[in-house]
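Presented below is the structure to which this report refers.
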Amino acid sequence: MSSHFLLTAGLALALAAVHAGAGYVRFSAVVPRDGWLSFGGGVSVAYVFVHLLPELGAGQVIIAEAEHTLVDYLAHHAYLMALVGFTLFHGLERWAVRVRGFDGEVDDDGEPAPDESNGIREGEVSEWGTHVFWAHMLSYGLLNALVGYLLAGRATGGDNAVLFAVAMGFHFVVNDDSLRRHHSDAYDRLGRWILTAAVVGGWMLSIVVHVHHAVVMGAFAFVSGGVILNVIKEELPSERESQFGYFLVGATAYAALLVWG
């Protein structure tokens with residue numbers, strides 16, 4: 001087995017472990033929970049601006065040069081696919097917020113304040129909450145599977161696999177926090193295992209299924225759109241106290257690593 005195979009296998013298992021260990025992670029007393037989440041947000045933001053956006057530009061060229069009619073029709077350019085990913089995850093988040101019965105406002109105790117205008121009656125939350133749960137699992141499962149697939153290096157390059165995995169690992173930590181707030185016990189019992197399996201499954205698929213490079217770049221663009229949305233939604237939050245110092249450290253350190261590493 002090649003060293004690249006072993007490396008990406010290890011990275012896929014490490015990313016899967018982020019989800020598998022969700023709920024068991026205890027933030028230290030030295031660095032508060034919000035500090036760790038803000039640090040992870042800084043890492044993800046640095047990855048978006050220093051690596052991800054330039055990669056989208058390269059993907060634009062590759063997809064535009066594809067001669068396959070279906071690829072050209074469905075993925076006319078990388079930025080369109082990024083917009084699809086951004087819009088999908090934004091729509092799911094707004095749906096989840098409405099079903100939970102609040103719209104981003106918090107009360108004096110810091111708890112979500114009910115949104116009286118959402119049109120959802122008491123007793124409907126459980127049923128619709130289940131629908132939102134499965135929609136989240138399908139969408140985030142797809143995103144995780146694509147991340148696992150991309151670990152093989154076909155979109156990010158073998159030399160960048162570790163940097164890609166580190167950024168996605170921090171991103172997964174923040175996503176886990178968001179999904180747990182939305183789905184609580186359901187995520188701990190089932191959801192995290194679905195996302196764990198999706199990462200490993202995506203990596204295994206990359207070993208046996210090879211697709212046109214333009215399709216891979218389209219998938220990378222879709223993942224990019226989801227990451228950008230979650231950076232805005234979770235990692236630059238308005239409803240919880242953000243620790244700018246930790247955010248700055250994460251962004252600065254990871255940007256330096258990407259540029260000079």
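Reckoned from all heavy atoms, side chains included, excluding hydrogens, waters and symmetry mates.
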Would the F170 and F39 ring centres measure less than 6.0 Å apart? yes
CH2 on W95 to NE2 on H90, rounded to 0.5 Å: 15.0 Å
Hey, could you give me the CG/CZ distance between L15 and F164, rounded to the nearest 0.5 Å? 8.0 Å
Taking the six-membered ring where the residue is Trp, are the ring centres of F89 and Y140 under 6.0 Å apart? yes
H19 and N144: side-chain donor and acceptor closer than 3.5 Å? yes
Spatial distance of atom CD1 (I194) from atom CG (L179) [nearest 0.5 Å]: 11.0 Å
Any chance you could measure H171, atom NE2, to Y47, atom OH, to the nearest 0.5 Å? 11.5 Å
Please assess L146 against F220 for the test side chain to side chain contact (heavy atoms under 4.5 Å, CB included), listing each intermediate value before the final yes or no. CA-CA 8 Å; L146 291 174; F220 184 75; over 6 Å; no
Smallest heavy-atom separation, V50 atom then A255 atom, equals CG2-CB, 4.1 Å
If I compare all heavy atoms of E93 with all of S178, which pair ends up nearest, and what's the gap? OE1-OG, 4.4 Å
In terms of the angle between their ring planes, are F5 and W203 parallel, tilted or perpendicular, with boundaries placed at 30° and 60°? tilted
Between the main-chain N or O of A20 and the side-chain N or O of T196, is there a donor-acceptor pair closer than 3.5 Å? yes
Kindly determine whether V162 and L7 satisfy side chain to side chain contact (heavy atoms under 4.5 Å, CB included), including the steps that lead there. CA-CA 8 Å; V162 174; L7 172 64; 4.0 Å; yes
Calculate, to the nearest 0.5 Å, the distance between atoms NE2 and OG1 belonging to H183 and T130 respectively. 9.5 Å
Check against side chain to side chain contact (heavy atoms under 4.5 Å, CB included), L142 and L138: CA-CA 6 Å; L142 172 62; L138 287 173; over 6 Å; no
Side chains of Y246 and V249, heavy atoms from C-beta outward: is any pair under 4.5 Å? no
If you take all heavy atoms of A165 and L11, which pair is closest and at what distance? CB-CD2, 3.9 Å
So, T87 side chain and V84 main chain: donor-acceptor pair closer than 3.5 Å or not? no
Between A198 and G141, which heavy-atom pair has the shortest distance, and what is it? CB-O, 3.3 Å
Just by distance, do the side chain of Y149 and the backbone of V209 share a donor-acceptor pair under 3.5 Å? yes
If we ignore angles and hydrogens, is there a donor and acceptor under 3.5 Å between the side chains of H136 and H182? no
As an exercise, state the distance from OG of S224 to CG of L143, rounded to the nearest 0.5 Å. 9.5 Å
In the structure I gave you, are the side-chain heavy atoms of V199 and V147 within less than 4.5 Å of one another anywhere? no
Show the nearest heavy-atom pair for residues N175 and N230, with the distance to one decimal. OD1-CG, 3.6 Å
Run the side chain to side chain contact (heavy atoms under 4.5 Å, CB included) check on V227 and V48 step by step: do they pass? CA-CA 8 Å; V227 170; V48 165; 3.7 Å; yes
What one should report as the nearest heavy-atom pair of S139 and L92 is OG-CD1, 3.0 Å
